[in-house]
Every structure is written in C-alpha cells, then in structure tokens.
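Heads up, the thing below is written out as structure tokens.
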Amino acid sequence: MIPMVHRILVFCGRPFAARIRIAYLFSFLKSVCQNAPIFTAVWLIRHLMDGSAEVATCCLSASMLLLFLALGAIFQNLSDRFQSATGYEVFAEKRKAFAAHLRQLPMGYFTADNLGRISAILSADMVFIEENSMNIVADVVSDSFAQLVLTAFLFFLHPLLGLTALVTELIAVCMASLMNRESMRNSQARQQSIEDLTGAVIEYAEGLAVAKSFCLTGESAARLRQSFTQSREANLTFERQHTPWERGLQILYAAGTAAMLAVAVWLNRQGSLDASGFLGLLLFLLNIFSPIKHLFQLDSRLTIMENCLDRLEAVFAEKTLPAGGSAVLPEKAEYELAFDHVSFSYGDDTVLHDISFRAAPGQVIALVGESGSGKTTVANLLARFWDVPQGAVMMRGVNVKDLPMKTLMAQISMVFQKVYLFEDTIFNNIIMGYPEASYEQVVDAAKKARCYDFIMRLPYGFDTVIGEGGASLSGGEAQRISIARCILKDAPIIVLDEATASVDADNEVYIQQAISELCQNKTVLVIAHRLNTVRGADQILVLDRGQIIEQGSHRVLMDKKGMYAHMVELQEQMGGWSKEVRA
C-alpha cells in the first residue's frame, strides 16, 4: 500500500505532493492523540489500584483527555486543510492536461474503441480516483501510524505482548499482499468491462435511429445487453474472489486478539504484568488490530484505483504529434501549398503512394476519385492531423512540421461534410473562428454565409442556444453556420470536404453561394464526388488507390478519355451533371 501512496503522490506532482506530505505530520499527531486516552487510562488505573489516586490525579486525567480530544480535532482539521481538497484540485488540472494531450494525438487514435476508452476514463476512472485518492492516502497514513503507536505501547507494557501483535501484523501483511495480487487481476477485468460497456452504450445511442428504421431496436441492443451481463459478472467475480481473503484476515485478527489475551493472562500469573497493566490491556484489547483491519479493507479500492491510474497513464503515454518548429511562414510565395512525394499509411494499410502536386495562390485544386482512394487523407495531412513518414507537405515553401501548430491552423479553414456545432449560442459557435471579432463582423459573416435570415427567425436570434452537434438545426443550416465561422476566420487556404453532399436542393443553392463568398481570392482544396461542382477548378487530381493517375483541367482530362472522363459519363447518365458550379 505504501508504494501505491507514493504513486499517487508522484501522479499529483508538485506542489500538491508537498501539501500531502505536510498532512502526514498532522495525521501522525492525530493518531497519537486518538490513542493517548488509552495511555492515560492505564496511568490512572495504576494510581487507583495502588491507592495513590487523589482528586488532583483525577482532574489531571480529565484535563489530559480533554486536551487530547481538542488536539485531535485540531490536527484532523489541519490534515484536511492540506489534503482533503487536493484530489479535486489535482483532477481539475489533470482533466485540462488530459484534454490538452488528446488535442495533440493524431486523428487516427480516435477510433470507436478508443473513444469508449476515453469516455470510460473521464466518466469512471477519473471520478473514482478523484473521490477516493485523498481519503485513501489519509486513511493509509493514519492507520499505519495508529497501528505503530499501538504496537509500541504493547512493547512498553511487555515485550512479549508487542511481539505477539507484531507477528499477527506481519502475517496480515503477507496475506494482504497475496490478496492484492488477486484483486489486481480481477480489477483489470472489472475496469475493462466498464470500458466495453461505455463503448456499447455510445454505439447503441449513435445507431438508434438506423436500428429503429429497420425495426431492429431489440437486435441492435444485443451487444449492449451482453456488455451489461459481462459488467455484472466482472463485478460479482471481483467480489467473490476478494471476500475469502477478507474472511481470512478477520479470522487472523480474532486469533491474534485471543493470543494477546492468553499471553496477558499468562504474564499476569507469572507476575510479569501487573494488574493495572492487565486491566489497561483489556480496555483496548478488541481494538488493538482495528487500524490494520481498516487499512486492509481499503485493498479493493486501492487495486481498482491502481488499474484506473494504469489506464489513465496509458493514454498519457500515447505518442503525440510533435508540437512543430519555430519556422516563420512567408507572407507570399510562388506556391501556396505543395505535396512533395508524400506516402502515408494507417498502420499497415498504405493509403497514399508518392503524391506530388502544387497549388499557386488563388488556385482551386479538386480531388476526385472513388471512395477510399485517399482524398480526405490528403486534406487531413495538409492540416497535420497526422505527420507524413515519407515526403513533405509544404506551405509557402515551409514544411508544415516546422511551423508552430497555431501558425499552421491559422492559415486553414475546413468545411466538412459532417458538421459539428457546440451546445452554445449561435454567436459563440460562429465567433470560434475569430474570437476578437465584433458583433457587426459576426453579422456580416452570417449574411455572406446565407444564414442570417434563418438565424433571425429563431427565438433569440444569435443568442439562441443550439443543441449539441447542431441537433436543433437542419443539416444545411448547420453547414451554413460552419461556413460563417470560416468566413470570419478569413484564412488564406480553404479545404472543402464534400460540403454539399448531404443537403437538399434548396440548401445546396444557399451553401454554394456561401462557399463562393468564402473562397473569393483564396487557395482552395476541394474534395468532391459530384463532378459538376469542380469542372471549373484550375487543377483536377484523379486519385485511384492512393495514387494520382490523372491531373489537369476539366477540358484536358475530358480529352484524355481516361478515368475522369468515364466518371463524368456515368454521372451524366445518372442525371448528376445538371449544374456547373465553380467550387
């Protein structure tokens, strides 16, 4: 248990660990004051039995008891002041550090399984450690000191009494060590079941609409029901495996107490322990092992906490993207962005092979190709959601790895197919792009994004709070707010990832108008499946299985009669070539 306390202190870091160590002193003094009445009682009994007790002796004993009671309360208060609130302060900082760490992880980390793990850490592991760590540290320290004080007093009464207590305590420590190993194995399964259950709940909630549409709400909950069952079994197994050890320790404490009484009786008959010492021992005989008993009752919570710390520290140990260098980005260059022989893999799955292209300032570069050809990966690498292992992604001649992350992201605005808005006012969702903007600038951006009119029809206008993820708005309305955010940011490079793919015809017109406002005099990287939206692009890159197989303007690619021309022909046959809109 002491190593676990040390681990908690290391985890807390400075200056919190220093405050907890100061609390140790007051915990020790509190333990002395809690056990001092026993010493006072033994002292008073001796005076009573040898007939030397007087009124002054009794008054002194009463004063000492009151003094120890008052000092115990004072030391408890001081210990709490240094320690009790520390857990909440520590985890206020740890949550901030956790969020900062997540921001620095590559996007590939955020798979469905890892999202379940993150949710479990935030909702279960951190809460458990926060609510229990400081109490456990305080109890471990206080119980350890209390048991030491009691054992020392037994040695003072008679060495054989102290030795009997010490042997019992050493056997208890050995048993508790074995119990801890068993509990640690079971707590890992228990915490894993919590993680699996969290992931199953998230999956079920996100897929509920689809399941309802196919009348499969019962079938789709199969994994959820299985996770609940596994969680129940993991918790019951934990308790079943832990209880025998608890029972064994209780038997040991009872045997140790009986042995203590037998030794005291024998010593008294031998004349080695006087009547006052014998009576004093009887006063607290049943509480001799109370501190160590309470100490080892913390074992289950300690093992769960250790497993929680393991999982939390495992996420902190995940390799982050380097913070970036200190290179200065030129204001102008011949090329705004460039990919120089870039190859990239997700694990063992290579998705880009030797990609090279350049975009001059103000050019529109379109990425087209079948799903899974690597289009979105190209856009994500530009924003440095991942680092490329081969080749280089350049911005105005500077490798994006060498730019400070803040500088890089200030140059890019991204409009995604799937929009995410925060549960906040519309004004605050738009102003994220430029926190220093005035109200007039936000209104102007909303007008350019063609969302001002519908915002003003809402109950509170720009002060209307929208649901998490933009749930209270239609897809087209949420998309236009995200475009207003980008217009306000006014970054020189725009990335459009299927921005109109999932909206109705009326909203598409507004979104295309908003995108036209957004992209004026900007360098644009647009990803599209509907080829009529990109026929006016300066360059069209046709990707197939992670390679650029064709490159050129719409007219040049049509004359080649290759894959691009074939894709255009198919969309014409499907009626998808009705409009010409320059991205």
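Quick note: numbers below take in every heavy atom, side chains included, and nothing from hydrogens, waters or symmetry partners.
- Between the OG atom in S343 and the CD1 atom in I355 there is a gap of 7.5 Å [rounded to 0.5 Å].
- Atom-to-atom distance recorded for L352:CG and L381:CG is 6.0 Å, nearest 0.5 angstrom.
- With values rounded to the nearest 0.5 angstrom, E436 atom CD is found 9.5 Å from L488 atom CG.
- Between the side chain of S144 and the backbone N or O of V140, at least one donor-acceptor pair lies under 3.5 Å.
- In terms of heavy atoms, T376 sits closest to I527 at CA-CD1, 3.7 Å.
- Aromatic rings from F11 and F16 are positioned such that their centres are separated by 6.0 Å or more.
- Between D453 and R480 no salt bridge is recorded (no basic side-chain N to carboxylate O distance below 4.0 Å).
- When the shell of 6.0 Å around CD of E318 is examined, it contains more than 12 heavy atoms from other residues, nucleotides or ligands.
- The nearest pair of heavy atoms linking I466 to N429 is CD1-ND2, 3.6 Å.
- With rounding to the nearest 0.5 Å, the separation of CG in L249 from CD in E246 is 6.5 Å.
- Using a 3.5 Å distance cut-off with no hydrogens or angles, the side chains of S482 and Q479 do pair a donor with an acceptor.
- Atom OG of S231 is separated from atom CG of L236 by 9.5 Å, given to the nearest 0.5 angstrom.
- What you find for V90 and C12 is that their closest heavy atoms are CG2-SG, 3.8 Å.
- When the options Q104, M405, R384 are evaluated for a side chain to side chain contact (heavy atoms under 4.5 Å, CB included) with P322, the one that passes is R384.
- In this structure, Y439 and F462 have perpendicular ring planes: the angle between them is above 60°, well past the 30° mark.
- Separation of the W386 and Y346 ring centroids falls under the 6.0 Å cut-off.
- Across all their heavy atoms, K375 and G369 have their closest contact at NZ-O, 3.2 Å.
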